[in-house]
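Only one structure is covered here, and it is reproduced in the block below.
Note on naming: letters A, B, ... go to the chains in the order of the sequence lines (proteins, then strands), and numbering restarts at 1 for each one. We use all heavy atoms of the structure for the numbers below, so side chains are in, but hydrogens, waters and symmetry mates are not.
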Amino acid sequence: MSEEKSLNFIEEIIENDLAEGKYKSIITRFPPEPNGYLHIGHSKSICLNFGLTQKYGGSTNLRFDDTNPVTEDTEYVESIKEDIKWLGFNWSNEYYASDYFDQLFEYAVTLIKKGFAYVDDSTSEEIALLKGTPTEAGKESFYRQRTIEENINLFNEMKSGKYKDGEKVLRAKIDMTSSNMLMRDPIIYRIKHAHHHRTADKWCLYPMYDFAHGQSDSIENITHSICTLEFIPHRELYDWLISKLEIFPSHQYEFARLNMTYTVMSKRKLLQLVKEGFVSGWDDPRMPTICGLRRKGYTPLSIRNFCDKIGVAKRENLIDLSLLEFCLREDLNHIAKRVMAVLDPLKLVITNYEDGKTELLHSENGPDESMGSREIPFSKELWIEREDFMEEPAKKWFRLAPGAMVRLKSAYIIKCDSFEKDHNGNVAVIHCTYFPESKSGQDTSGISVKGTIHWVSVIHAATAEVRLYDRLLKSENPAAEEGDFKDYINPDSLEIIKEAYIEPSLSDATFEDRFQFIRKGYFCLDKDTANGQLVFNRTVTLKDAWSKEVKKG
RNA sequence: UGGGUUAUUGUGUAAAGGUAGCACUACAGAUUUUGAUUCUGUCUGUCUAGGUUCGAAUCCUAGUAACCCAACCA
């Protein structure tokens, strides 16, 4: 722990600012637009913004950037708040850009009075045409010459509802020849006769992002306004507006957003997956949304650790999904209760075990003694995993095969004597004998076996539906592939096992529980569980050296 | 063809002119009543070409590549 972790570039900026006395303490903000659900990419920003003030002191606001009433809704506000809380962060203040609409309007009037803004009657097509291109300068609008007085009147009329959507806009008067397209007289207010989820019908004109975000930062005294790389061109405008308005100088810093292998992150694509039925909803466990990950069984700590490990820098990145899974397993390994469940059952009969006898066997709940232990019923007939038996054993196989011995976890060592097949030629029953003196914890048999397999007693087994998830997309970088990302959807991303056999203790499972189904992976209860019908989601598989061995051939 | 940003191993991230480190992945081995966990080890990297310097990932010059910018979205 004595190792000093190196700082990311934003931490360096902050430490410098603090050391130079530029600020006594810092204020950051997380500013989502309430028009969709948060995803793992947002968690990078959340961990960064909240993490910075946890580390350096100060406060972090949650601010909804709700300047576009037609796309936004309180449904999203609620889900966003729930997700942030679940991740483990508490905001100092809950603000809304819409709280500042009156103030923002006054700022716009100020800008007009200073001669830095004007009302433009051009159509959006005309404005686009005069804007030029990245390689060609734009041309000034005919309306750019309006007097301050005329602009004030017009702007007030816009507010009063005199004009229809699109009839007029307010533009900042900057420079139509700027090499930065955003400085070519950007639109800062537009007319929208639309119902806003918070201000209702009070307004019919709304500020654009560029005239709301920086100003909101300034109103809240945000010292470090952290956003993603694509906003770099906005910074010049951000600074220009603050300087013309002569308000608190917040500063914008940009970092590279998270990209992850086998995952799409854009709101548009995630929406398509939901709308077109590729997944069951925003919280489908295959989705990279926070609610999807939560439902799948991810823990807040695993996501926070992940965000910590990926770092913060300015270059484009594509993070291995395996790093996220590593962080997940690392946490789950500590907290998950070990239990036994058979997903693909094969019957095993212990021929020398007394008919009708039941034994309660002692089994530890986890590697850590503090997790306690429980009793598991054992009897003559058991379910074992079909893949744990091989009629003709492969090389290095140390599970069950004719003549082979294995230990039944927490129970006895058994030897396979014979097996039966059904009329389809599939193995139907395995016959074994057990060694009474090999009982777990009091083994005096002197037999040592290489393999240990899990099992569930047939007459004591409970049943559950188990849902196994694989990656939704087959391509490492679906966004970079040619054609539609949907061409790369994995058709086998969901496997439903309608009736798996689980040990009876699992009947009492709660939604908070995290389980490791021994040798099969980490699981948790799904919200579809109802009326005693248990439904489990596989959160993540265990690392599997055997399947790699098989692939090697 | 304009402007901006970025380039360190398979992936991500450190090294502020002085030993290119760490994590994930992959691979090999040890331990194991989970082929898990744990432990040990291995793993061809500074975009290119010049230059400055005793010494360059870092400084200079010239290139190259990737990403972003022409929504009344954020």
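- Counting heavy atoms of neighbouring residues, nucleotides and ligands inside a 6.0 Å radius, atom CZ of A:F9 exceeds 12 of them.
- Within the structure, every side-chain polar atom (N or O) of A:K450 is placed at least 4.0 Å from both OP1 and OP2 of B:rU33.
- Only the C1' atoms considered, B:rA70 is 11 Å distant from B:rG2, to the nearest whole Å.
- The two atoms that bring A:V456 and A:E503 nearest to each other are CG2-N, 4.0 Å, heavy atoms only.
- Separating the P atom of B:rC24 from that of B:rU61 is a span of 40 Å, rounded to the nearest Å.
- Between A:W455 and A:F378, the ring-plane angle classifies as perpendicular under the 30° and 60° cut-offs.
- Closest to the A:A313 side chain, of the nucleotides B:rU13, B:rC24, B:rU33, is B:rU13.
- In this model, a side-chain donor or acceptor of A:R407 finds a partner on the base of B:rU33 within 3.5 Å.
- Separation of atoms CG (A:D513) and CG (A:L506) is listed at 8.5 Å; rounding is to 0.5 Å.
- One atom, CD of A:E385, and another, P of B:rG35, lie 12 Å apart when rounded to the nearest Å.
- One interatomic measurement links the two molecules: NZ of A:K520 to P of B:rG35, which rounds to 11 Å at whole-angstrom precision.
- Distance CZ (A:F306) to P (B:rU13): 11 Å, rounded to an integer number of Å.
- Side chains of A:Y238 and A:Q215: a donor-acceptor N/O pair is absent below 3.5 angstrom, by distance only.
- Evaluation of atom-type donor-acceptor distances gives a pair under 3.5 Å for the side chain of A:R399 against the base of B:rG35.
- Taking atom P in both B:rU11 and B:rC67, one finds a spacing of 16 Å when rounded to whole Å.
- Looking at heavy-atom distances under 4.0 Å, A:V312 makes contact with sugar-phosphate atoms alone, never a base.
- A parallel orientation is assigned to the rings of A:F517 and A:F523, their planes being inclined by less than 30° (bins at 30° and 60°).
- With hydrogens and angles ignored, no donor-acceptor pair under 3.5 angstrom links the side chain of A:S410 to the base of B:rU33.
- In this structure, A:Q252 atom CD and B:rG4 atom C1' are separated by 13 Å, rounded to whole Å.
- Between A:D239 atom CG and B:rG4 atom C1' the separation is 15 Å, expressed in whole Å.
- Relative ring orientation between A:F231 and A:Y209 is described as tilted, the plane-to-plane angle lying within the 30° to 60° band.
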### Task
Determine which bases of RNA chain B form Watson-Crick or G-U wobble pairs with both distances under 3.5 Å, and write the result as a 5' to 3' dot-bracket string with | for other-strand partners.
.((((((..((((....[..)))).(((((.......)))))....(((((..]....))))))))))).....
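- A:I310 comes within 4.0 angstrom of the backbone, heavy atoms only, and of no base.
- Ring-plane geometry between A:H196 and A:Y206 is classed as parallel, the angle between the planes falling under 30 degrees on a 0 to 90 degree scale with a further cut at 60.
- Across A:K409, A:K520, A:E385, a single residue satisfies side-chain hydrogen bond (donor to acceptor under 3.5 Å, both in side chains) together with A:H454, and that is A:E385.
- By the 6.0 Å and 45° rule, A:K337 does not stack over the aromatic ring of A:F515.
- Side-chain contact annotation: A:E157 with A:Y163, donor-acceptor N/O pair under 3.5 Å present.
- For B:rA20 and B:rG55, the C1' atoms lie 15 Å apart once the distance is rounded to whole Å.
- Across all strands, A:G451 comes closer than 4.0 Å to no nucleic acid atom at all (heavy-atom distances).
- The side chain of A:I232 lies closest to B:rG4 when the candidates are B:rG4, B:rA16, B:rU34.
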### Message
Please encode protein proximity along nucleotides 36-43 of chain B as a string of B, S and -, counting only heavy-atom distances under 4.0 Å.
### Response
SS------
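- Regarding A:E325, its CD atom lies at a distance of 17 Å from the P atom of B:rG12, rounded to whole Å.
- A side-chain donor-acceptor contact under 3.5 Å links A:Q516 and A:Y522.
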### Query
What one-letter contact string describes nucleotides 65-74 of chain B from 5' to 3', where B marks a base within less than 4.0 Å of any protein heavy atom, S marks contact via sugar-phosphate atoms alone, and - marks no contact?
--S-SB-BSB
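- A distance of about 16 Å separates the P atoms of B:rU9 and B:rA49, rounded to the whole Å.
- Nucleotides B:rC54 and B:rA16, compared at atom P, are 22 Å apart to the nearest Å.
- Atom P of nucleotide B:rU34 and atom CG of A:N365 are separated by 15 Å, given to the nearest angstrom.
- Aromatic rings of A:F105 and A:F155 (six-membered ring for Trp) have centroids within the 6.0 Å cut-off, being under it.
- Nucleic acid contact for A:K396: base, since at least one base atom lies under 4.0 Å from a heavy atom of the residue.
- At least one cation-pi condition fails for A:K314 and A:F255: the charged atom is not both under 6.0 angstrom from the six-membered ring centre and inside a 45 degree cone around its axis.
- When rounded to the nearest whole Å, the span between CD1 of A:I376 and P of B:rU33 equals 17 Å.
- When the P atom is compared between B:rA23 and B:rG41, the two are found 11 Å apart, to the nearest whole Å.
- The gap from the P atom of B:rU13 to that of B:rU6 amounts to 13 Å, rounded to the nearest Å.
- No contact: A:Y206 has no heavy atom under 4.0 Å from any strand.
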